[in-house]
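Working notes, beginning with the structure itself.
Just so you know, these numbers come straight off a predicted model, no measurement behind them. Quick note on labels: first sequence line is chain A, next is B, and so on, each numbered from 1.
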Amino acid sequence: MSRPIVTRFAPSPTGMLHIGGVRTALFCWLFARKHGGRFILRIEDTDLSRSTDDNIRIIEEGMAWCGLTWDEGPVPGDPTAWIGEHGPYRQMQRMESHYKPAVEKLLSEGKAYRCRCTKEDLDARRATVEAKGVPFQYGRGHDAGNGCRHKQHDASEPFAVRLAMPEGHETWLDEGAIAWTDLIKGRLAFPAESLDDWIIARTGEKGQIGVPTYNFCVVVDDTGMNVSHVLRGDDHVSNTPKQLALYHAMGFEQPQFGHVPMILGKDGAKLSKRHGATSITEYQEMGFLPAAVRLALARLSWTPKVDGQAPESAEEELLTDAQMIELFDLKDIQKSPARFDMDKLVWMNQKLIQRASWQELEPHLAHFMPDAWKNKSEDWKRVAIQATQKGKSLKEMAQALAFCWQAPESFDEKAVEKFMTAAVKPALREVASLHDYEHDALQTAFNGILETQGLKLKDLAQALRVALCGQPVSPPIFDTLWLLGVEEVRTRLQRWL
RNA sequence: GGGGCUAUCGUCUAGGGGUUAGGACACCGCCCUUUCACGGCGGCAACACGGGUUCGAAUCCCGUUAGCCCUACCA
């Protein structure tokens with residue numbers, strides 16, 4: 001009875017990989033992983049004018065960076081290859097093999113028909129109807145009699161193909177409505193009369209079927225790829241009844257639908273560039289860990305429950321991927337939209353950075369480091385990472401280590417005035433003469449210096465920071481010295497002695 | 001205009017007839033401290049509005065308002 005769990009994420013390559021899309025993909029991925037099912041990545045490139053190969057690459061890279069691995073889908077970088085038994089996974093490559101036969105079948109069965117109305121004609125009809133303050137519906141209402149539904153057009157002239165939608169009395173309807181039980185929103189119903197005959201295939205070359213539209217391809221593909229659960233954005237709710245009519249016309253088994261709420265910006269409007277970063281790539285560049293992005297995104301609209309209990313402490317908020325997969329349940333997803341909370345992402349990122357090992361952090365951090373980074377020893381990297389692991393982002397960690405690659409070109413005036421006192425100079429000279437920078441040795445040496453000079457550690461540490469980094473801020477002072485090394489410290493100290 | 005969805009602290013949310021309406025982030029305060037941070041402790045802060053139903057409504061019903069989605073030969 002229950003079929004194998006298969007979910008899919010089907011972005012269109014018409015721009016950046018949007019953070020909202022990633023969240024939807026994440027839910028699909030979590031759901032598939034939770035149930036031991038498969039997760040498919042499908043490229044919806046039927047919008048010829050806006051789809052590009054470059055955007056497909058961005059999607060593939062973004063998904064990979066996020067750790068959202070797909071079981072079926074395109075092979076990154078190779079348009080002709082794919083993994084999975086139901087390919088190809090780029091819609092334009094399915095035209096002849098899948099879509100056209102499906103359109104022809106519908107045509108021959110009289111469930112769809114050829115339409116010769118031109119774009120201009122339609123625009124004019126729409127304008128006159130809407131001028132009366134009435135919604136335009138193709139061939140219905142005030143447009144009744146103008147449609148091609150009963151005209152039996154042949155293929156001798158260019159034509160688009162429309163699906164004959166139910167008119168209200170069909171037996172498969174639920175009290176005249178197309179209805180379904182949404183996995184997230186519960187029962188949803190749309191009056192049949194509110195839908196009109198929509199285009200399933202655009203106008204093609206004379207006598208030919210044109211490129212099918214989104215709503216058509218989705219149904220053919222989801223069926224052909226055995227998708228069992230269609231988890232997608234809320235914005236598709238209104239498309240569902242159209243698709244349901246198509247499932248019925250084609251005699252396909254329906255998948256289950258789950259519409260996840262949208263992600264809004266701080267001001268409650270749909271998340272857009274205006275709110276800052278929307279593309280997943282930007283989050284990578286800002287120094288977020290993929291795991292933090294996954295957590296933050298998942299926690300928008302989803303509340304994990306452990307024995308029916310929502311998180312009751314900061315600790316419980318910080319779920320690992322394994323925990324998310326184990327706890328994931330569609331019934332714990334909110335019906336209402338959530339606003340994107342950058343502060344929380346930052347907090348999660350910081351926490352995840354703190355609890356990661358330096359080895360786990362290294363590959364991610366390397367992205368933000370100069371070439372010199374890879375020439376450093378393991379030991380050096382370990383100390384560098386551990387000394388800055390309190391940072392909010394990888395980028396911040398990298399900035400905190402910037403002093404390692406470049407001697408200060410200027411010095412914070414106030415800091416110089418405050419810390420570079422006459423009293424501290426002798427101590428600075430003594431530090432310059434030190435040659436063992438191991439932590440314990442420095443500790444001992446500093447204790448001695450501090451005592452003989454009558455200084456507090458704070459006085460010496462701050463003076464050193466100013467001299468070495470140009471500012472009164474740096475990692476713990478012993479680490480700062482060790483990372484720079486004896487020679488470099490002496491060089492930078494020279495001008496202050 | 002039509003159809004659909006939604007509504008608890010600033011934000012993410014728990015709760016779903018009787019609770020001091022709980023937690024997290026952010027913010028504020030105190031403590032710790034070799035800088036910046038981290039950390040610890042504490043504080044501020046919410047049931048959109050109006051009607052019902054009920055002994056009792058944040059919770060159930062109706063309406064209003066607001067926001068969002070669809071209403072394309074976009075996806």
Select base, sugar-phosphate, or nothing to describe what Arg299(A) touches, counting heavy atoms under 4.0 Å on all strands.
sugar-phosphate

What is the distance, rounded to the nearest whole Å, between atom CG of Leu264(A) and atom P of U13(B)?
11 Å

Just how far, in rounded Å, is C1' of A72(B) from CG of Asn239(A)?
11 Å

Using a heavy-atom cut-off of 4.0 Å across all strands, would you classify Lys456(A) as base, sugar-phosphate, or nothing?
nothing

Tell whether Ser238(A) reaches the base of G3(B) with its side chain through a donor-acceptor pair below 3.5 angstrom.
yes

U11(B) base / Arg339(A) side chain donor-acceptor hit below 3.5 Å:
no

Rounded to whole Å, how long is the line connecting atom NZ of Lys335(A) with atom P of G16(B)?
14 Å

Pairing nucleotide - C60(B), Watson-Crick or G-U, each distance under 3.5 Å
G52(B)

Whole angstroms only, please: what is the CZ-C1' distance between Phe9(A) and A75(B)?
12 Å

Under a 3.5 Å cut-off for both contacts, is C9(B) paired Watson-Crick or G-U wobble with anything, and if yes, with which nucleotide?
none

In whole Å, what is the span from the CG atom of Asp143(A) to the P atom of A72(B)?
12 Å

Mind checking Thr203(A) for me? I need base, sugar-phosphate or nothing, with any heavy atom below 4.0 Å counting as a touch.
base

Just checking Ala10(A): base, sugar-phosphate only, or nothing, at a heavy-atom cut-off of under 4.0 Å?
nothing

What is the distance from CG of Leu195(A) to P of G4(B), rounded to the nearest Å?
11 Å

Please find out if less than 6.0 Å separates the ring center of Trp180(A) from that of Tyr247(A).
no

Across every strand shown, the nucleotide meeting Watson-Crick or G-U wobble geometry with G39(B) (both distances under 3.5 Å) is C31(B)

G-U wobble or Watson-Crick pairing nucleotide for G1(B) (cut-off 3.5 Å, both distances)
U71(B)

Say we look at C30(B) and G15(B): how far apart would their C1' atoms be, to the nearest angstrom?
32 Å

Distance, C1' atom - from U64(B) to A21(B), rounded to whole angstrom:
26 Å

